Amino acid sequence: MSKTKPEESNAAATSQITNNAAFEAKKGKKRKRKADTAAGAELAPSSPEKRQKSQQSHRNQQRKSNQEARPQALPSNGNGAPHLLRRRDELLKTRKALPIWPHADSIREALRKNNVMVLTGETGSGKSTQVPQFLTSEPWCTETIAITQPRRVAAISLARRVAEEMGSLFGKQSPAAKVGYSVRFDNACGPETKVKFLTEGMLLQEILRDPEMNQYSAVVVDEVHERSVNVDLILGFLRNLVSEIEKGGSKRKQPLKVVIMSATADVEGLVKFFDEGFGNGAERSKKETQDEIEDHTTKQNDLISTCFVEGRQYPVKTHYLPEPTMDWVESALKIIFKIHYKEPLPGDILVFLTGQDKIESLEKLINDYAEGMEKEMPKLLPLPLFAALPQYAQQRIFEPTPRHARKVILATNIAETSVTVPGVRFVIDCGKSKIKQFRSKLGLESLLAKPVSKSASIQRKGRAGREAPGQCYRLYTEPDYATLEERTKPEILRCDLVQAILTMKARGVNDVLNFPFLDRPPIEALKEALFQLLRLGALKADGTVSDIGLKMSKLPVTPKLGRIILEAGRPERDCLLDVIDIISALSSDDSIFFNIVTEEKKEQAEEARRNLYRREGDHMSFLTTVQQYAEEHSDRRAWCDRHFVSHRAMQNVMNIRKQLRQQCQTLKLLTPSDLTADVTSSPNSDAILASLLRGFISNTARLCPDGSYKTFLGNHTVAIHPSSVLHGRKVKAEAIVFSEFLYTNKAYAKKVSAVQMNWIEDAMEEAFDI
DNA sequence: GAGCACTGC
């Protein structure tokens, strides 16, 4: 796994660098920025008396005043072995060259005065690795610093890097390690952990356990511009908490410092957001706030500091098509060969496409045309990159480009944020990406190729200028660019809100309509989510969270799946272990029955999987598969090969299964002796399917006389997906329950089981009788 | 007869 190279690792970039992306994002906004003067000098006069609560911190300040003077004077803690310290000192040179380094003092100073800071740092500024280190020796920093990341790989690799820079051991190497991380399935923190990188989801779970976040002195929220649903929830909770502390309504002894970090921040929006939390929104005119922000790189109003750090980016020249194109796969092909003939090596090409099908057709075209190239021409090496691609194939993009060759990476938007591709000097951008859209009225999500936003196309273009000046070819016209949306709609405005609302309710936010959302979802979407939670029994009639809802919020699965687990745990169902096996298979990222390309393999696979498939449908087939795999103790990989089952997926399933079993034990749904049992002799499929129905009541359909299926709620036609074991059955079930709904060319029900009509009626009755 | 990307005590 070497995805997501932390942005700081290309720290050794050179001097003359303009920041195109930053410029493009901000032009038209008339932002004046001072040239990089000595940091700290730019701090505006503040009103410290307003928020000084620092008797205690004053004591600490005296105690630690030696350390805070120089950032490099880190305490050589107990685990400071000579080789670690040597490495730390080596790295210090690189750290000092980072654009954020000169801002260290002003950041520290601002946070001593104010509890909240909004820090904008472009890619490569070093903010993710340096900011936590700037703060560890601060007088107020008696506890841990948390720093959130949207992705696991980023959390882990940043933690490793920061440990090195601090000359500390890391994670589980030693209980004395100062730097740790916490991601799903892997908590590597010790009693001495001072800097803790964690995924947003992990922090949310911690907030449910400890709403006041007493284990932290500071929470740094990184990559806020990606605007995941989780980050929006974290920001809302943090705003409530800091204003609570401010008003003296919290039991916390120490202040909580909050640093919001973003690459392309809407600084005004974030400052306003927290300002309103302090009750200042009404009094402060918008103009006043903007003027303050525009005049300085590090600034503060009464309560919130802001800081702008220049990034590292080479200029990228943009080319547009003169005319719009109908077939951008073909246009991309032409440009690839134009670049290849015209531009010298080295210089790999990164092509952004919408999905696997386009990637594979372009790959084939490149290979076909490359055959006609003159023998002395450098080779073209097309490399596909999308999430569903097996790990080893993804790794190929990190291998050095062979001599006398040019890599052409054909990627989905995975290359926009999650994977940094080295060596790229040319970007070709089709201008589209597939995005998930939730239509709350229909209660379904769809996946369609839509034009990207300006900010996404700037992000894509920036990928050409990481190592040298680059070029970006946009497969649309310049007037078309002007029509693009300014920024990508935050996820919270286009997704199913059930999970988010449940988290809020479990945290004790009862009035979700007045929760501080950075972007408020439409009221219908909120109401629909509340209604669904009522149907699932997660809320009581008065809208507060029920005992069931509280348990659901603590299970690492979607609310529907959580409800199914709780249903299966009821004595009259008594099928919890079996249902956990099924839920584990359902919530694994990749499917356990992988796709097979060639016809003859397909027949072999059908044959090999025959004793895993069950007539009841996909869910019982998953159960059989998980159980047989779990019973296989000698060679599980061989078992997978024999049955055409994905070994990687099964390892993932077993991880989830273990976690769910543990969690169910904590919630007193299972006893320790339940866990030692490997397998139930004969699963009760009626009880299992009835449990599934309790969560998937809106995912049911009945057979119509014309042979099609129509959903019970909403009466939409759905077709059984070709990947289902029930697809193409001659004798069709009178009703189905499905755990996935997919709208592509038409509406598909995926992962389907046959059920009886009267079971659905029973489940309906229970769901609506509230 | 088909597959954007992330993520959870």
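Sequence lines set the chain letters: A, B, ... in the order given, protein chains first and strands last, and positions in each chain run from 1. Because only heavy atoms are used, hydrogens play no part in the values below, and waters and symmetry mates are left out as well, while side chains stay in. All values reported here derive from a predicted model rather than from experimental measurement.
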Original post:
How would you label the contact of A:V229 with the nucleic acid (heavy atoms, under 4.0 Å): base, sugar-phosphate, or nothing?
Top reply: nothing
Subject >> Pair A:E606 + A:K601, salt bridge at N-O below 4.0 Å >> reply: no
**OP:** For the pair A:K751 and A:E740, find out whether any cationic side-chain nitrogen is under 4.0 Å from an anionic carboxylate oxygen.
**Re:** yes
Original post:
Over how many whole Å does the gap from A:K560 atom NZ to B:dG8 atom C1' extend?
Top reply: 18 Å
**OP:** Taking only the side-chain heavy atoms of A:P722 (C-beta and beyond), determine which of B:dA5, B:dA2, B:dG8 contains the nearest atom.
**Re:** B:dA2
Subject >> A:D581 with A:R657: basic N within carboxylate O range, under 4.0 Å >> reply: yes
Original post:
A:D186 CG to B:dT7 P: how many Å, rounded?
Top reply: 13 Å
Subject >> Spacing between A:K746 atom NZ and B:dA2 atom P, to the nearest angstrom >> reply: 7 Å
**OP:** Ignoring hydrogens and angles, answer whether the base of B:dG8 and the side-chain atoms of A:Q659 contain a donor-acceptor pair closer than 3.5 Å.
**Re:** no
Subject >> Out of B:dG3, B:dA5, B:dG8, whichever nucleotide has its closest atom nearest the side chain of A:F386 >> reply: B:dA5
Original post:
Using a cut-off of 4.0 Å on non-hydrogen atoms, how would the nucleic acid contact of A:L555 be classed: base, sugar-phosphate, or nothing?
Top reply: base
**OP:** With the side chain of A:H727 defined as its heavy atoms from C-beta on, choose the nearest nucleotide among B:dG1, B:dG8, B:dG3.
**Re:** B:dG1
Original post:
Which value, rounded to the nearest 0.5 Å, describes the distance between A:Q356 atom CD and A:E363 atom CD?
Top reply: 10.0 Å
Original post:
Can A:K450 and A:E485 be counted as an ion pair, charged N to O under 4.0 angstrom?
Top reply: no
Original post:
Reckon A:S724 touches a base, only the sugar-phosphate, or nothing at all at heavy-atom distances under 4.0 Å?
Top reply: nothing
Original post:
Does A:S546 have any side-chain hydrogen bond (donor to acceptor under 3.5 Å, both in side chains) partners at least two apart in sequence or in another chain, and if so, which?
Top reply: none
Subject >> Shortest side-chain distance from A:Q205, nucleotide among B:dG8, B:dG1, B:dC4 >> reply: B:dG8
**OP:** Side chain of A:L742 only, please: which of B:dA5, B:dA2, B:dG3 is the nearest?
**Re:** B:dG3
Subject >> A:K658 NZ - B:dG8 P separation (whole Å) >> reply: 16 Å
**OP:** Report the distance from atom NZ of A:K489 to atom C1' of B:dC6, rounded to the nearest whole Å.
**Re:** 19 Å
Original post:
Within this structure, what is the NZ-to-C1' distance between A:K751 and B:dG3, rounded to whole angstrom?
Top reply: 11 Å
Subject >> Atom-pair distance (CE on A:M552; C1' on B:dG8), nearest Å >> reply: 14 Å
Subject >> Phosphate OP1/OP2 of B:dG8 contacted by A:R152 side-chain N/O (<4.0 Å) >> reply: yes
Subject >> Atom-pair distance (OH on A:Y748; P on B:dA2), nearest Å >> reply: 4 Å
Original post:
If you look at every strand shown and take non-hydrogen atoms under 4.0 Å, does A:T412 touch a base, only sugar-phosphate, or nothing?
Top reply: sugar-phosphate
Subject >> Residue mapping more 5' on DNA chain B - nearest nucleotide basis, A:S553 or A:E491 >> reply: A:E491
Original post:
With nearest nucleotides of DNA chain B determined for A:N187 and A:N413 from heavy-atom distances, which residue corresponds to the more 5′ nucleotide?
Top reply: A:N413
**OP:** Would you indicate which nucleotide in B:dG3, B:dT7, B:dA5 comes nearest to any side-chain atom of A:R151?
**Re:** B:dT7
Original post:
Is there a side-chain polar atom (N or O) of A:T199 under 4.0 Å from OP1 or OP2 of B:dG8?
Top reply: yes
